[in-house]
Amino acid sequence: MLANIAVGLLESSSIAKGIEASDAMCKMASVKLARAGVIARGKYMIIITGPVGEVESSLRAGRQMLGPSLIDEVLIRNIHSQVLATLDKRVPVKELGALGIIETKDAIATVRAADAAAKAASVTLIETKTSVGGGKGYVTMVGEVGAVRSAVAAGIGVVPEAGVVSHVVIAQADGQLLESVGK
């Protein structure tokens with residue numbers, strides 16, 4: 001299901017400029033500041049949501065404020081609702097079945113992969129983690145084996161090859177993994 005809203009993400013090499021850009025972005029348009037904060041290696045990430053036109057205006061203001069400290073950006077139109085529900089939090093599942101994991105080198109790639117995976121097949125996203133040690137991110141999902149394989153393929157397909165650290169599909173995940181990845 002599509003959320004009918006857009007998500008904009010900016011990543012900055014400067015914490016100070018990131019905070020300044022967050023302020024400018026919120027003042028420029030009617031967007032919700034979904035997340036802003038320091039991620040690994042002193043980088044700063046800003047995630048906003050809202051109607052497409054508002055997010056585009058807000059991103060322009062952020063880009064202008066960041067200048068050369070802008071590392072990466074993305075605008076995802078009609079983001080899948082599961083991505084927003086699992087953004088930096090875990091939505092517990094009762095059982096695992098097939099388990100898919102996409103690990104990326106940075107936060108923006110994680111969100112891109114999660115959106116493509118959720119749109120490609122009937123899977124349930126568990127977590128879209130944009131920042132873990134070293135700046136990596138990952139998305140986890142469950143479903144039928146074929147659906148999880150299709151979703152993982154779609155997810156890694158939208159991330160540049162150098163941006164994917166690893167991806168796996170465990171056809172029948174052991175129930176003991178539920179505690180560490182599903183709850």
Check whether any side-chain heavy atom of Val148 lies under 4.5 Å from a side-chain heavy atom of Glu144, and answer yes or no. no
Same cluster or not: are Met25 and Ile19 linked, directly or through other Ile, Leu, Val, Met, Phe, Trp or Tyr residues, by side-chain heavy atoms under 4.5 angstrom apart? yes
Any Leu75 side-chain heavy atom under 4.5 Å of Val55 side chain: yes
Glu103: salt bridge (Lys or Arg N to Asp or Glu O under 4.0 Å) partners, not counting sequence neighbours: Lys136
Has Asp115 got a side-chain atom pairing as donor or acceptor with His80's backbone, closer than 3.5 angstrom? yes
At what distance, to the nearest 0.5 angstrom, does OG1 of Thr124 lie from CD of Glu95? 10.5 Å
Any Lys/Arg nitrogen of Glu56 or Arg77 sitting under 4.0 Å from an Asp/Glu carboxylate oxygen of the other? yes
Side chains of Ser69 and Ser14: do they bring a donor and an acceptor to under 3.5 Å? no
So, do Ile39 and Glu11 sit near enough that their side-chain heavy atoms are less than 4.5 Å apart? yes
Kindly give the heavy-atom pair with the smallest separation between Val158 and Arg112, and that separation in Å. CG2-O, 3.5 Å
Pair Val139-Leu125, side-chain contact (heavy atoms from CB on, under 4.5 Å): steps then yes or no: CA-CA 7 Å; Val139 57; Leu125 298 186; 4.1 Å; yes
If you measure from the Lys or Arg side-chain nitrogens to the Asp or Glu carboxylate oxygens, is any gap between Glu127 and Lys89 under 4.0 Å? no
Could you check whether any side-chain N or O of Glu54 sits under 3.5 Å from a backbone N or O of Ser30, counting only pairs where one atom can act as donor and the other as acceptor? yes
Answer with yes or no whether the hydrophobic clustering places Val152 together with Val159; edges join I, L, V, M, F, W, Y residues whose side-chain heavy atoms lie under 4.5 Å apart. yes
Minimum heavy-atom separation for Ala120 to Ala154, with atom names? CB-CB, 3.3 Å
Are the side chains of Val38 and Lys43 in contact, using a 4.5 Å heavy-atom criterion? no
Roughly how far, to the nearest 0.5 Å, is NZ of Lys119 from CD of Gln82? 12.0 Å
Go through the side-chain N and O atoms of Thr130 and Arg35 and say whether any donor and acceptor fall under 3.5 Å apart. yes
Taken to the nearest 0.5 Å, the spacing of Leu96 CG from Ile126 CD1 works out to 6.0 Å
Less than 3.5 Å apart, any donor N or O on the side chain of Thr104 or Thr110 sitting next to an acceptor on the other? yes
Any donor and acceptor pair, going by atom type alone, linking the side chain of Arg149 with main-chain N or O of Val169 inside 3.5 Å? no
Val93, Tyr138: one ILVMFWY side-chain cluster at the under-4.5 Å cut-off? no
Within this structure, what is the CG-CD distance for the pair Leu59 and Glu73, rounded to the nearest 0.5 Å? 6.5 Å
ILVMFWY network linking Ile15 to Ile46, side-chain heavy atoms under 4.5 angstrom: yes
Could you tell me the separation between the OG atom of Ser22 and the OH atom of Tyr44, rounded to the nearest 0.5 Å? 4.0 Å
side-chain contact (heavy atoms from CB on, under 4.5 Å) assessment of Thr49 paired with Leu84: CA-CA 9 Å; Thr49 63; Leu84 295 176; 3.9 Å; yes
Does a sphere of radius 6.0 Å around NZ in Lys17 hold more than 12 heavy atoms from other residues, nucleotides or ligands, not counting ones at 6.0 Å or beyond? yes
Stepwise, does the side-chain contact (heavy atoms from CB on, under 4.5 Å) test hold for Val111 with Val83? CA-CA 7 Å; Val111 176; Val83 178; 4.2 Å; yes
Report the distance from atom CG of Asp106 to atom CE of Met45, rounding to the nearest 0.5 Å. 9.5 Å
If two hydrophobic side chains count as joined below 4.5 Å and joins carry through other members, does Leu66 share a cluster with Val74? no
side-chain contact (heavy atoms from CB on, under 4.5 Å) between Ile47 and Leu87, intermediate numbers included: CA-CA 10 Å; Ile47 302 174; Leu87 193 59; 4.0 Å; yes
